[in-house]
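Below is one structure, written out as structure tokens; the observations come after it.
Indexing begins at 1, ligand by ligand and atom by atom, following the structure's order. The structure presented is a predicted model; accordingly, all values stated were derived computationally and were not measured.
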Amino acid sequence: MKILVLNGPNLNFLGIREKGIYGKEDYAFLVSMLEEKAGKEGHEIEAFQSNLEGALIDKLQEAYHSGVEGIIINPGAFTHYSYALRDALASLEIPKIEVHISNVHKREEFRHVSVTAPVCTGQITGLGLSGYILAMDYLKYHENLTKKC
Ligand code: DQA
């Protein structure tokens with residue numbers, strides 16, 4: 001399966017920013033963990049991080065043309081207000097899993113709203129970096145399910 005893992009603003013600062021909330025592992029650790037799992041499971045994976053809204057949207061549009069089959073996205077703070085990112089996600093009719101490292105529902109009120117989750121297949125929140133692993137497991141499950149149909 002061809003999978004795109006997108007991370008939004010400040011996620012390149014994992015291991016530096018608010019460690020009590022996001023943990024001490026850095027972005028490179030996250031990517032290598034996902035690449036290792038993808039390798040074992042025979043997925044082709046691309047990980048992309050940007051602090052720029054437009055760059056994330058460009059990547060989603062590129063995914064349409066390059067035949068990406070599943071998306072794992074942590075839009076960071078864009079989750080809470082980016083209608084442009086939401087529209088870009090809505091264009092793609094493939095499984096899209098929104099992941100949050102922290103439990104956004106336990107935090108400030110502005111984080112309780114996700115404008116992107118309604119156009120995603122589902123959302124995983126508050127399970128740390130394992131949320132990305134679980135999202136990849138879901139994509140595999142979904143792939144097997146659609147093969148059977
Ligand atoms: C986050 C939660 C967002 O509210 C925040 O702006 C982030 C990270 C998370 O992974 O928990 O940057 O998406």
Side-chain angles (χ1 to χ4, degrees), residues 1-41 43-64 66 68-143:
M1 198 174 186
K2 197 168 172 180
I3 299 173
L4 175 64
V5 182
L6 279 182
N7 277 286
N10 299 306
L11 288 155
N12 56 323
F13 251 44
L14 284 178
I16 300 171
R17 72 186 291 214
E18 302 178 276
K19 289 185 208 149
I21 296 175
Y22 300 112
K24 57 179 178 16
E25 307 296 355
D26 63 11
Y27 178 71
F29 174 87
L30 170 64
V31 172
S32 63
M33 177 181 87
L34 293 174
E35 282 175 349
E36 195 188 318
K37 180 175 167 68
K40 277 187 198 147
E41 295 178 1
H43 298 305
E44 187 188 323
I45 188 181
E46 183 188 358
F48 179 80
Q49 186 280 331
S50 181
N51 295 323
L52 306 177
E53 190 180 23
L56 295 167
I57 293 167
D58 284 348
K59 207 69 196 172
L60 285 169
Q61 293 186 355
E62 197 183 300
Y64 172 81
S66 64
V68 167
E69 296 164 287
I71 289 176
I72 299 171
I73 182 166
N74 182 346
F78 289 146
T79 305
H80 314 301
Y81 64 92
S82 175
Y83 298 119
L85 197 58
R86 175 196 165 112
D87 286 350
L89 281 163
S91 312
L92 301 173
E93 292 175 352
I94 53 175
K96 296 155 277 183
I97 315 304
E98 179 171 307
V99 173
H100 297 288
I101 298 165
S102 65
N103 183 345
V104 284
H105 302 290
K106 272 190 187 170
R107 300 181 64 197
E108 301 95 324
E109 214 163 312
F110 75 88
R111 295 186 205 275
H112 301 178
V113 173
S114 171
V115 300
T116 45
V119 295
C120 287
T121 313
Q123 188 197 50
I124 298 170
T125 185
L127 302 182
L129 298 188
S130 77
Y132 293 85
I133 295 281
L134 296 170
M136 207 186 278
D137 284 341
Y138 171 77
L139 291 177
K140 182 97 193 156
Y141 168 83
H142 178 271
E143 188 191 30

Minimum heavy-atom separation for [X] and [Y], please, with both atom names.
X	Y	result
V113	H80	O-ND1, 2.8 Å
I101	L14	CD1-CD2, 3.6 Å
P9	R17	O-NH1, 4.3 Å

Hey, does [X] sit under 4.0 Å from ligand 1 if you only count heavy atoms?
X	answer
T79	no
R17	yes
V104	yes

Which residue holds the protein heavy atom closest to [atom], what is that atom called, and what is the gap in Å?
atom	answer
atom 7 (C) of ligand 1	Y22 OH, 3.5 Å
atom 11 (O) of ligand 1	S102 OG, 2.6 Å
atom 5 (C) of ligand 1	R111 NH1, 3.3 Å
atom 1 (C) of ligand 1	H100 ND1, 3.7 Å
atom 9 (C) of ligand 1	I101 N, 3.4 Å

Check your understanding: Is R107 close to ligand 1, meaning an N/O of one under 3.5 Å from an N/O of the other?
Key -> no
Practice item. State whether a side-chain donor-acceptor pair under 3.5 Å links Y132 with N7. Key: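 Side-chain D/A pair, Y132 to N7: present.
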Review point. Going by atom types only, do N51 and E53 share a side-chain donor-acceptor pair under 3.5 Å?
Key: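 On atom types as modelled, these side chains do not qualify, holding no pair under 3.5 Å.
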**Study point:** From the candidates E98, H80, H112, the one that places a heavy atom nearest atom 3 (C) of ligand 1
**Key:** H80
Check your understanding: Counting N and O atoms only, with roles assigned by atom type, does the side chain of T125 sit under 3.5 Å from a partner on the main chain of S102, one being a donor and the other an acceptor?
Key -> yes
Check your understanding: Testing R86, K96, E98 for side-chain hydrogen bond (donor to acceptor under 3.5 Å, both in side chains) with T116, which one passes?
Key -> E98
